[in-house]
There are 2 protein chains.
Amino acid sequence: MNKEKNNFQIKFANNMGMLASRFSLNSTVGQLYGLLYMSPEPVSLNEMVKKLAISKGSASTNIRILESWGAVKKVWVDNSRKDYYEADPNTLDIIKQRVIEGLHRRLNETKSSIDMVNNSLEGKNRYSAQREQFYKKRLQKTRKMYEQVNDLLELFSKD
Amino acid sequence: MNKEKNNFQIKFANNMGMLASRFSLNSTVGQLYGLLYMSPEPVSLNEMVKKLAISKGSASTNIRILESWGAVKKVWVDNSRKDYYEADPNTLDIIKQRVIEGLHRRLNETKSSIDMVNNSLEGKNRYSAQREQFYKKRLQKTRKMYEQVNDLLELFSKD
DNA sequence: CATAGCGTTTAGTTCGTTCTAAACGATATA
DNA sequence: TATATCGTTTAGAACGAACTAAACGCTATG
């Protein structure tokens, strides 16, 4: 048990961890970002480890994930060879960008799936005319849905 | 190996399974829905089991999940005591409703978190004025973000 | 040059999810 | 009433994700 558990930063960080896991993200990533977000000064890896009661390995791995997202950045602190980090406070922008990126990637994969399935139907015909008609209709509908979602995403990607 | 693996329905179903797992859903649920979506006739549990090469337990559990979502429904077939199912073809509506519901639930939980953390700061003051100011600013920012997302969701929930 | 203090990498463990096989209860049929 | 055929439930296995502890390599400093 950490005697600092009542510390405001830590409380906030842990809530960010819960938030992250609710959206099926890694909760440690959420904790780390939350801690940095509520720190007026840059934080070293060892401080993160102590405050969040996590292992150094986990802190190291996950802080670099956050870094790759542009959610935190390394900062120089004089007279120290430790790595210090601070949060980019524009949380919403970060989240938004990540959500959009993720959706784009998955939608592209979806498109490939649809095309592949479609091609497999176009090949030589093993089905009755009626059955083939049904397949084509549903496939067409699937394609339409894909496009609706895609258009919606485009709309988002703007502004 | 299933000799029917080249069957169009099955190919489609498996792709729906992949799609589902891409969006961190249960992939069997995706397969089942995909199969029913591409079936002109209702499908029995045993047919699902055979065509998708899954266990009866899994089929039973997952088909009832789909049923609870309103994505498939039981239909009566004369002279049979099997349960037959067919898909509600309005896939997009189903997805949309589930997404909105899920977001609503999680946002409410988020709101509770923010309030809780906020209250813990409002309590007796253990921080310097400057530090407290910083905390309050960031907390305020967090609240604003919550509201932006919430408003966006409301907008969606309409139309 | 040895040591201490870093962050990273790795090997192994834990935990949650979801599957399967099998037991089960219910119902229709011979 | 005995049996066969359903769907459901349960116990256990498999798997993946993510953590920890420890080993490691690097660098600065005494």
Side-chain angles (χ1 to χ4, degrees), chain A residues 1-2 10 13-14 16-36 42-69 72-86 102, chain B residues 1-2 10 13-14 16-36 42-69 72-86 102:
Chain A
M1 283 300 149
N2 192 327
I10 296 175
N14 289 335
M16 283 294 265
M18 286 170 47
L19 177 58
S21 81
R22 268 184 214 119
F23 286 86
S24 58
L25 296 181
N26 182 320
S27 76
T28 305
V29 161
Q31 285 177 288
L32 285 170
Y33 183 82
L35 180 64
L36 298 194
V43 183
S44 75
L45 205 66
N46 279 333
E47 290 178 86
M48 300 176 207
V49 165
K50 196 154 34 158
K51 291 206 173 185
L52 299 178
I54 59 179
S55 72
K56 214 162 45 140
S58 180
S60 172
T61 304
N62 287 307
I63 201 71
R64 275 176 299 143
I65 290 174
L66 279 168
E67 208 181 359
S68 78
W69 294 353
V72 306
K73 65 169 197 279
K74 244 181 232 185
V75 292
W76 280 112
V77 170
D78 289 348
N79 297 330
S80 171
R81 51 198 182 87
K82 296 181 192 169
D83 291 354
Y84 283 85
Y85 289 88
E86 66 182 17
Chain B
M1 284 302 149
N2 192 327
I10 296 174
N14 289 335
M16 284 294 265
M18 287 171 45
L19 178 57
S21 81
R22 269 185 213 118
F23 286 84
S24 58
L25 297 180
N26 182 319
S27 75
T28 306
V29 162
Q31 286 177 288
L32 286 170
Y33 183 81
L35 180 64
L36 298 195
V43 182
S44 75
L45 205 66
N46 280 333
E47 289 177 86
M48 300 176 208
V49 165
K50 197 156 28 157
K51 291 206 173 189
L52 299 178
I54 60 179
S55 71
K56 211 160 51 140
S58 181
S60 171
T61 304
N62 288 308
I63 200 72
R64 272 176 301 142
I65 289 174
L66 279 168
E67 206 180 3
S68 78
W69 294 352
V72 305
K73 65 169 199 278
K74 241 180 235 185
V75 293
W76 281 112
V77 170
D78 288 349
N79 296 331
S80 170
R81 51 198 183 85
K82 297 182 193 171
D83 290 354
Y84 283 85
Y85 289 89
E86 64 183 17

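Lettering of chains follows the sequences in order, A, B, ..., and the numbering in each one begins at 1. Values below: every heavy atom of this structure, side chains too, minus hydrogens, waters and symmetry copies.
The shortest distance between side-chain heavy atoms of A:Leu19 and A:Phe23 falls below 4.5 Å. Side-chain contact check for A:Leu66 versus A:Tyr85: every heavy-atom pair is 4.5 Å or farther apart.
For the OP1/OP2 pair of C:dC6 and a distance below 4.0 Å, the side-chain nitrogens and oxygens of A:Lys82 include at least one atom meeting the criterion. Checking the phosphate oxygens (OP1, OP2) of D:dT5, no side-chain nitrogen or oxygen of B:Asn46 falls inside 4.0 Å. Contact between the side-chain N/O atoms of B:Ser60 and the OP1/OP2 oxygens of D:dT8 is found at a separation under 4.0 Å. For D:dA18, the OP1/OP2 oxygens have no side-chain nitrogen or oxygen of A:Ser58 closer than 4.0 Å.
Each of D:dC19, D:dT20, D:dT9 was ranked by its minimum atom distance to the side chain of B:Arg64; first place goes to D:dT9.
Taking atom CE of A:Met48 as the reference point, atom P of D:dC19 lies 15 Å away to the nearest angstrom. The distance between atom NZ of B:Lys56 and atom P of D:dC6, rounded to the nearest whole Å, is 8 Å. B:Ile54 has its CD1 atom 13 Å from the P atom of D:dT8, to the nearest Å. Atom CG in B:Leu45 sits about 7 Å away from atom P in D:dT8, given to the nearest Å. The interatomic distance linking B:Glu47 (CD) with D:dG7 (P) rounds to 10 Å, in whole Å. Distance B:Asp83 CG to D:dT8 C1': 11 Å, rounded to the nearest Å. Distance CD1 (B:Ile63) to P (D:dC6): 17 Å, rounded to an integer number of Å. Taking atom CG on A:Leu25 and atom P on D:dC19, their separation rounds to 12 Å, with Å as the unit.
The one candidate from A:Ile63, A:Thr28, A:Asn62 that meets the side chain to side chain contact (heavy atoms under 4.5 Å, CB included) condition with A:Met48 is A:Ile63.
For the pair B:Tyr84 and A:Asn26, both in contact range of DNA chain D, the more 5′-proximal nearest nucleotide belongs to B:Tyr84.
Checking side-chain atoms of B:Thr61 against main-chain N and O of B:Ser58 turns up no donor-acceptor pair under 3.5 Å. The main-chain N or O of B:Gly57 is never found under 3.5 Å from a side-chain atom of B:Ser60 such that the two would form a donor-acceptor pair.
You'll find a donor-acceptor pair under 3.5 Å spanning the side chain of B:Arg81 and the base of D:dT5, going by distance alone.
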